[in-house]
Amino acid sequence: MGNKEAASGEKLYQMRKAKLDEQAAAGRIRYPNDFSPTHAAATLAQAEPDSTPVRVAGRIMLIRQMGKSAFATLADASGHIQLHAAVAEDGCRDCLDRLGELDLGDIVGATGSLFRTRRGELTIALTELRLLAKCLRPPPEKHKGLVDPELRSRKRHLALMSDPAERQRFRKRSAIIASLRAFFDERGYLEVETPMMHPIAGGAAARPFCTRHNSLDMQLYLRIAPELYLKRLLVGGYERVYEINRSFRNEGVSTRHNPEFTMLEFYAAYRRHTDMMDLTEELFAQLAERFADDGRVEWLGHSINLASGWRRIGLIDAIAEYNGLSPEQARDEQVLTERLAGFAGDKAAAAAAGRPSLGQLQMLLFDKTVAGKLIDPTFVTDFPASVSPLARRADDDPEIAERFELYIGGCEMANGFSELNDPAIQAQVFRAQAAAAAAGDEEAMHYDADYIEALEAAMPPAAGEGIGIDRLVMLMLGCSSIREVMLFPLVRPAAEKAG
RNA sequence: GGGUCGUUAGCUCAGCUGGUAGAGCAGCGGACUUUUAAUCCGUUGGUCACAGGUUCGAUCCCUGUACGACCCA
């Protein structure tokens, strides 16, 4: 290795690689796997210094060399511990040399005994130091870490290794999901896994990803929702089921959308949509107790109170209230169309200029003028049946579905309803949806004869709900972008360097 | 999809009304036996995202493209 190498990116890589080669040339195994730690860094911090040898393994984060003595900071999953080597100490000369050969980011195994420095820091006096895995790429800046949000997503391993808060965030995500499982397990729900590859993409209004099975010569879709399979399980006799897993929607990417996302769906026989709203409040109360201070979270610039007793408001009333209309006006196609026309050049205005149903007009105006203003948790109820193809119709009004959506911080968090279990009505809805699809509606559902046949075997009366887990985690952790709570969000390929 | 802003060393960032670039960290060389973002001295490192245009001359002005951030849809 030359002494005066240029320090550009490629050179930095070559110099580190040369150091690894030197290790091998000195007779040491390049990537040894026989080092077994006795302690985690954090458990050492609680132990009293004595002469018993300890072994820890982890990544070198800092090195401070002082001629005949040197310190380093080693980080493992639990925390960090300081290492020390000096010429005068027994068996330590070799360690001082080894330490001098290291680069920031290298993974090492350290053996030695504990002592405290003058400043009181617990430190391992090294008796052996082994390079376990060479870090060939320079790690991020040692104080500020990786700042660029693009790089943080693209090279998550670098963001994680250099930022303990980043590691902590994803630990919390796991803890939230574990809490969800515990909540449903305690209440007798069975966790199941249903197919992610569907012959017909159903259960939601969304464009699917297509794929193909070669040997069956079969077109398949990545699921947009697990709903229709979970309800088949109700037919089969499981009375309470839930699934936490990925769904896929072939739509845009934004701070609240990723093409693959994690959804919780749960179903209970002999329950109604109102029971699901109660259960949801209970669930959030439990999460807030564990993950939010005083039941409040700061999210998207709002201070949100998650305490139970959430507002429940009918869709018509909500539209009326936020638009200064009477409920009668909120049911008037002409009034709704006029209001939507105010959003000139807008998708909503364009859609309203087509031939939408009354329910579609109401949903457009709701999305435009109400949804974003529902900051504290709010259940919106009584959706139009025409936009709720899998929900049960109210007994006293077939135009209204027994359905609700939950809004928090202006963001849709959950969608639930009493399930439509009358196969005749479901078949009729599918036929209407299929007609809309044939007419060009890319989000309309297709006729699912297999699902109708399942309903014909009798599905018990039931209610179900879906909760977007990524948004739930965003809420609980106060994150403003879905990419902050997904380890590996979808990113475009990096731009080519060469022109 | 639309608007605004951004892209400069491995990382974090400066760079004025146009005269081909600087710092900190990392790296390299040296000093230093209890440091804590160690310190001190010296030093390497750049197709200024990419492609065009204007100009005697472009990191800077203009156009386009790629990627991203924020806002709107």
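Chain A is the first sequence line, chain B the second, and so forth, proteins listed ahead of strands; every chain is numbered from 1.
For B:U35 and B:C11, the P atoms lie 33 Å apart once the distance is rounded to whole Å. Comparing the C1' positions of B:C56 and B:G27 gives an interatomic distance of 40 Å, to the nearest angstrom. To the nearest whole angstrom, the two C1' atoms, one in B:U7 and one in B:U65, are 13 Å apart. To the nearest whole angstrom, the two P atoms, one in B:C72 and one in B:A38, are 42 Å apart. The P atoms of B:G52 and B:C60 are separated by 14 Å, rounded to the nearest whole Å. Nucleotides B:A66 and B:U54 are separated by 23 Å at their P atoms, to the nearest Å. With P as the reference atom, B:G46 and B:G53 are 26 Å apart, rounded to whole Å. On the P atoms, B:U59 is 7 Å away from B:C48, given to the nearest whole Å.
Nucleic acid contact for A:Arg137: none, since no nucleic acid atom lies under 4.0 Å from a heavy atom of the residue. In this structure, A:Gln65 reaches the bases: a heavy-atom distance under 4.0 Å links it to at least one base atom across the strands shown. Residue contacts for A:Arg116: at a heavy-atom cut-off of 4.0 Å it reaches no nucleic acid atom on any strand shown. Note on A:Thr255: only backbone sugar-phosphate atoms sit closer than 4.0 angstrom, heavy atoms only; bases stay farther off.
The listed nucleotides are B:C25, B:U33, B:G27; the one nearest the side chain of A:Ser69 is B:U33. For A:Glu150, taking side-chain heavy atoms from C-beta onward, the closest of the listed nucleotides B:A37, B:C67, B:G45 is B:C67. Checking B:U36, B:U33, B:G45 against the side-chain heavy atoms of A:Thr117 singles out B:U36 as nearest. Of the candidate nucleotides B:U36, B:G68, B:G10, B:G10 has the atom nearest to the side chain of A:Leu12. Comparing atom distances between the A:Val87 side chain and each of B:U33, B:U35, B:C25 picks out B:U33 as nearest. Distances from the side chain of A:Arg64 to the nucleotides B:C67, B:C70, B:U36 place B:U36 closest. Closest to the side chain of A:Arg483, from the set B:U34, B:A38, B:C70, is B:C70.
For A:Trp299 (side chain) and A:Gly409 (main-chain N/O), no donor-acceptor pair under 3.5 Å exists by modelled atom type. The backbone N or O of A:Asn323 lies less than 3.5 Å from a partner atom in the side chain of A:Arg339, making a donor-acceptor pair.
Under the ring-ring contact (aromatic ring centres under 6.0 Å, His included) criterion, A:Phe383 pairs with no residue at all, not counting sequence neighbours.
A cation-pi contact, defined as under 6.0 Å to the ring centre and within 45° of the axis, is absent between A:Arg312 and A:Phe404.
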Atom pairs, protein N/O to nucleotides 11-14 of chain B N/O, distance under 3.5 Å:
| residue | atom | partner | partner atom | Å |
| --- | --- | --- | --- | --- |
| B:C11 | O2' | A:Glu141 | N | 2.9 |
| B:C11 | O2' | A:Gly145 | O | 3.3 |
| B:U12 | OP1 | A:Val147 | N | 3.2 |
| B:U12 | OP1 | A:Asp148 | N | 3.2 |
| B:U12 | O2' | A:Lys144 | NZ | 3.0 |

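Salt bridge status for A:Arg28 with A:Glu128: absent, with no side-chain N to carboxylate O gap under 4.0 Å. Look at A:Arg403 and A:Asp382 and you find no salt bridge, because none of the NZ, NE, NH1 or NH2 atoms lies under 4.0 Å from a carboxylate O. In summary, A:Asp106 and A:Arg59 do not engage in a salt bridge, as defined by a charged side-chain N under 4.0 Å from a carboxylate O. We find that A:Glu412 and A:Arg471 are not joined by a salt bridge, their nearest charged nitrogen and carboxylate oxygen being 4.0 Å or further apart.
In this structure B:U54 sits in no base pair that meets the Watson-Crick or G-U test at under 3.5 Å.
Between the CZ atom of A:Arg119 and the P atom of B:U35 there is a distance of 6 Å, given to the nearest Å.
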